Amino acid sequence: MTDQDVLQRAKEMAAGDDFPLMGFSHLEWWVGNAFQTAQFLRSQLGFSIVGYRGPETGTRETASYMLRQGDITFIVTGAMGPEHPVSDHVLQHGPGVKDVAIAVPDAEAAFELAIERGAEAAAKPHVIEDDQGRAVMSAIQAYGDTIHSFVQLDGDMPGFERREDTIAVPTGLEFIDHVVANVELGKMNYWVEWYERVFGFTLLKHFDDDAISTKYTALMSKVMWDGEGIIKLPINEPAEGLKKSQIDEYLQFYRGAGVQHIAMHTQDLLMTVSDTHTRGLQTLAVPDSYYADVWQRMPDIDVDRAKVEELQLLLDQDEGGYLLQIFSRMLQDRPTVFFEFIERRGATGFGKGNFKALFEAIEREQDKRGNL
Ligand code: FE2
């Protein structure tokens, strides 16, 4: 394949309506201790450890575990020494998501097209191959130090020694529903425009300040998506309030923009949450007044109310139906990254009706940390 062929394919893609994306490939976390992060994801969330790459398999400078549940793949990577970029990243940001990787039909053409549309290169197209599979990979810079890899995969992800996990018990998580970014004050519209220009994404929802403000703080949020719902990337920006918002707190402790939360879909949120609670996963509680309001707002929904209240699940509805969701507490020492579990019963929104309750719950935690 000559350079001209690649450019030609990129031009053909550019001529089409949008950038061909097949969904999230995987999320790669850069952490201080990949071994322990993998154990956490396995024991508390039920991910299986399906692959390993490290000194024993010929990779001298890092250790990575590949974890899977349903269609969700996480890679967690730690460094063997202080001179490696992973160590520097962890020193700056704490544990976090380095790569929101996207599956594409052609990683070389995707890269060329993104660059042509003004994206900054993070990794030129290259091939990784083993007896499990072959991947053409490339990457571009996104917000903060985060990147988007393009992954063109044939077979299973190469480069990992396969592991059979006989310990992990899944908790019902099926796929990544959305991945949320926190960006600096004044930068949201830059990234909205960037996703429109580079990927051909469009704006799905718009919340103004008033829609998600409490007595003390506010944020603005816009959702970028591919138009089909395969990739949904909400972007948050802090807004002026009486006190420091949770987004400001994130930006301060993550030292810049980055992934705030990862929402994973489950077919049965009650089951997933009661299961993960027994494993020690902690989730955010809502104020007592929340349910009186919810049952009044949504009198007809078919859920076990007592169980919903016991587990402190959040509910919301829109034109399409309703949804149940819950947020984990912080996953690391710094108040940065957390998980959401979501069960959609027709609703396509993101829990707008819960933003205020969620916000107040987060602020209570933020206040305990002395950061409000
Ligand atoms: Fe979310």
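Everything numeric here is computed off the predicted structure, so don't read it as measured data. Quick note: numbers below take in every heavy atom, side chains included, and nothing from hydrogens, waters or symmetry partners. Read the numbers this way: they start at 1 and go in the same order the structure lists the ligands and their atoms.
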Among side-chain atoms of [X] and [Y], is any donor-acceptor pair under 3.5 angstrom?
{"X": "S149", "Y": "D99", "result": "yes"}
{"X": "T77", "Y": "E28", "result": "yes"}
{"X": "H93", "Y": "T336", "result": "no"}
{"X": "N354", "Y": "Y290", "result": "yes"}
{"X": "Q92", "Y": "D145", "result": "no"}

Would Y250 and H261 count as a close aromatic pair, with their ring centres under 6.0 Å?
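Ring centres of H261 and Y250 not closer than 6.0 Å.
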Distance below 2.8 Å from the Fe ion (ligand 1): protein N/O/S atoms
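The answer is H178 NE2, H261 NE2, E340 OE1.
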